[in-house]
Amino acid sequence: QKEVEQDPGPLSVPEGAIVSLNCTYSNSAFQYFMWYRQYSRKGPELLMYTYSSGNKEDGRFTAQVDKSSKYISLFIRDSQPSDSATYLCAMSLNTNAGKSTFGDGTTLTVKP
Amino acid sequence: DGGITQSPKYLFRKEGQNVTLSCEQNLNHDAMYWYRQDPGQGLRLIYYSQIVNDFQKGDIAEGYSVSREKKESFPLTVTSAQKNPTAFYLCASKHQGGTFPEAFFGQGTRLTVV
């Protein structure tokens, strides 16, 4: 079993929809939870990160972490065609230079 | 501008050849990483280095080799021992310590065996 499992997708929604992207994990020692966005044929870029449990909001994006359930989510409100990309969740134990563990990604298409 | 530069963007390899992918960063990051990404899959760690002249194997190191002679550079060699090297290769770097866990990625090298 993988340490991080991500809803596989693909996901296709109409413009303006609310999107929910989800990951579960098995290692209770993870402290940092990140969401990366990757456009086709490009490198991933960090969208948001959260330390420990709780919510974090940035514009149309909200990251949610529930450590008791080992479950994280990314919500996108008022989705736009420019949000069409692959979204990768990632987790790490700390901010030292150790490795992060990535989910397999969910590909989202927002149709105009 | 600070960032990570990977070259080349596209690379073609013949069967039995070794090829080297370049990764350079000017972010003054101590840690650097190489990932492999196959279609529909996430990132799998090949090698990482937290300090010059030291590196560790990741989850899929077989058939790959690296060096870290300079802080700014972390080249990856795909050897002939790697049986299925066609993939998208991503290099990343990260600041050590602090409160910010972000890894910065290059734009990738797409390697194809011909």
Residues forming a side-chain hydrogen bond (donor to acceptor under 3.5 Å, both in side chains) with B:Q25, sequence neighbours excluded: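 Applying side-chain hydrogen bond (donor to acceptor under 3.5 Å, both in side chains) to B:Q25 gives none.
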
Any donor-acceptor pair under 3.5 Å from B:Y33 side chain to A:S100 backbone: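 Checking the backbone N and O of A:S100 against the side chain of B:Y33, no donor-acceptor pair under 3.5 Å is found.
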
Among B:H29, B:Q6, B:R110, B:Q37, residue most engaged with chain A (heavy-atom pairs, under 4.5 Å):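 Winner by heavy-atom pair count: B:Q37.
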
Side-chain heavy atoms nearer than 4.5 Å, only ILVMFWY residues, links allowed to pass through others: does that put [X] and [Y] together?
X      : Y     : value
B:V78  : B:L45 : no
B:I60  : B:L76 : yes
B:V113 : B:W34 : no
A:V65  : A:V4  : yes
A:Y36  : B:Y89 : no

Atom group of A:Q31 that falls short of 4.5 Å from chain B, counting heavy atoms: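 Looking at A:Q31, nothing touches chain B.
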
Interface moiety of B:L43 toward chain A, non-hydrogen atoms closer than 4.5 Å: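 Both the backbone and the side chain of B:L43 come within 4.5 Å of chain A.
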
Residue-level contacts of residues 62-71 of chain B with chain A, using a heavy-atom cutoff under 4.5 Å: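 Those residues of residues 62-71 of chain B which would need a heavy atom under 4.5 Å from chain A do not exist here.
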
Please round to the nearest 0.5 Å and tell me the distance separating atom [atom1] of [X] and atom [atom2] of [Y].
X      : Y      : atom1 : atom2 : value
A:F102 : B:Y35  : CZ    : OH    : 4.5 Å
B:R44  : A:D104 : CZ    : CG    : 9.0 Å
A:L46  : B:F105 : CG    : CZ    : 9.5 Å

Note, A:K42 side chain near B:L90 side chain (heavy atom, < 4.5 Å):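 No, their side chains stay 4.5 Å or more apart.
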
A:R41 and B:K9: CA distance, side-chain angles, deciding distance, side-chain contact (heavy atoms from CB on, under 4.5 Å) verdict: CA-CA 10 Å; A:R41 297 186 178 86; B:K9 191 172 182 179; over 6 Å; no

